[in-house]
2 protein chains.
Amino acid sequence: MFSIGQLSKQTGVKVPTIRYYEQVGLLVSAGRTEGNQRRYDKEGLERLGFIRHARDLGFSIEAISALIDLQQHPDRSCQEATEIAQDQLADVREKLRRLTALETELVRISEGCDGDGSSNDCYVLTSLADHRHCRTEH
Amino acid sequence: MFSIGQLSKQTGVKVPTIRYYEQVGLLVSAGRTEGNQRRYDKEGLERLGFIRHARDLGFSIEAISALIDLQQHPDRSCQEATEIAQDQLADVREKLRRLTALETELVRISEGCDGDGSSNDCYVLTSLADHRHCRTEH
DNA sequence: CTTGAAGCTCTAGTGACTAGAGGTTGTAGA
DNA sequence: TCTACAACCTCTAGTCACTAGAGCTTCAAG
């Protein structure tokens, strides 16, 4: 049996975050000692590991809830799980596309200015003032 | 002179967002009509355009505040502006790095599963349950 | 002069936590 | 067995950048 602090160390999830996950229903309410402190078993540890990993991959709390539901109903087709993962992938790809465009613009903006001179004619500022200078859509 | 609605249409920034920008000090308080409605001139329009563009590029409200301060003190060196832009670029690059790793994992996870079978042995779920399957750091 | 779109302020909600106050429990060492 | 104190508890409020809604007032076209 682990205390919340031990669970935190093993998973890398901060203590208040673990309590938050319980509050929003992502973790089942843990058992308690007589003095009202949370105690976790191996299952709790694994569950939190799953959540941690999914959060690292950018899944929302809502999506993770749905995935956990699926885990607990092994009779249901895993098509839903695949859909959630593919939605997430589409999301990540869209973000990549946008960030790549932003990188292009930021490089252009940063390189135009050598850091000398007054901000009067600073390339960073004039670039930001006028979208028409941009090479990409964003 | 423009009403807040006209300003919104011209810049693509929503009306409540414009009021929010004023509230947090990003936009100088607009002049008002006798009936207390906001009226903007060309300068207000340009300022909001600047903010819009910088937000699109991912700059925080705080960073934009700093950039606007610099615009209003043309005597100050633009080194600060360049620094802000380069910080933002570093930030974007870090996000790109992480997202690229996530994309790799998500492709691996999504492709492992054909959507058939029960969630009992769904590859998506087992992959998320065990970080050790991952090919990349994240 | 009427109508209704557009404006106003204020409060509260979003997601995923994080921080702090103020009190209680568990446990290691004396 | 006692004592210290780290770790735990709950609760409220704050973060960021908005967004939504209630309930009211003003502007401008017909």
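Just so we're on the same page: letters track the sequence lines, and every chain starts at 1. Every value quoted in this text rests on a predicted model; they were computed, and no experiment measured them.
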I'd like to know if the side chain of B:Gln88 and the backbone of B:Gly58 have a donor-acceptor N/O pair within less than 3.5 Å.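 Judged by distance alone, yes, a pair lies under 3.5 Å.
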Which residue pairs pass the side chain to side chain donor-acceptor pair (under 3.5 Å) test with at least one member in residues 12-29 of chain B, sequence neighbours excluded?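 Listed by first then second residue: B:Glu22-B:Arg38.
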All side chain to side chain donor-acceptor pair (under 3.5 Å) counterparts of [X], not counting sequence neighbours:
X        : value
B:Glu94  : B:Arg97
A:Glu103 : B:Arg93
B:Asn36  : B:Arg32
B:Gln37  : B:Arg39

Over how many whole Å does the gap from [X] atom [atom1] to [N] atom [atom2] extend?
X       : N      : atom1 : atom2 : result
B:Leu27 : D:dA17 : CG    : C1'   : 14 Å
A:Arg19 : D:dC11 : CZ    : P     : 12 Å
B:Glu22 : D:dC18 : CD    : P     : 15 Å
B:Ile18 : C:dT9  : CD1   : C1'   : 16 Å

For [X], give me all partners under side chain to side chain contact (heavy atoms under 4.5 Å, CB included), at least two apart in sequence or on another chain.
X       : answer
B:Ile64 : B:Leu26, B:Phe50, B:Ile51, B:Ala54, B:Arg55, B:Phe59, B:Ile68
A:Asp87 : none
B:Gln10 : B:Phe2, B:Leu45
B:Glu62 : B:Ser60

Short of 4.0 Å, heavy atom to strand atom, which residues of residues 28-40 of chain A count as contacting DNA chain D?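 The stretch gives A:Arg32, A:Asn36, A:Gln37, A:Arg38 as the residues lying under 4.0 Å from the strand, ordered by number.
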I'd like a table of atom pairs between the protein and nucleotides 10-16 of chain C - only N or O on both sides, under 3.5 Å - with the distance next to each one.
unit_1, atom_1, unit_2, atom_2, d
C:dA16, O3', A:Arg55, NH2, 3.4

Proximity to DNA chain C (any heavy atom under 4.0 Å), residues of residues 1-17 of chain B only: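 Going residue by residue through residues 1-17 of chain B, the ones with a heavy atom under 4.0 Å of DNA chain C turn out to be B:Ser3, B:Ile4, B:Gly5.
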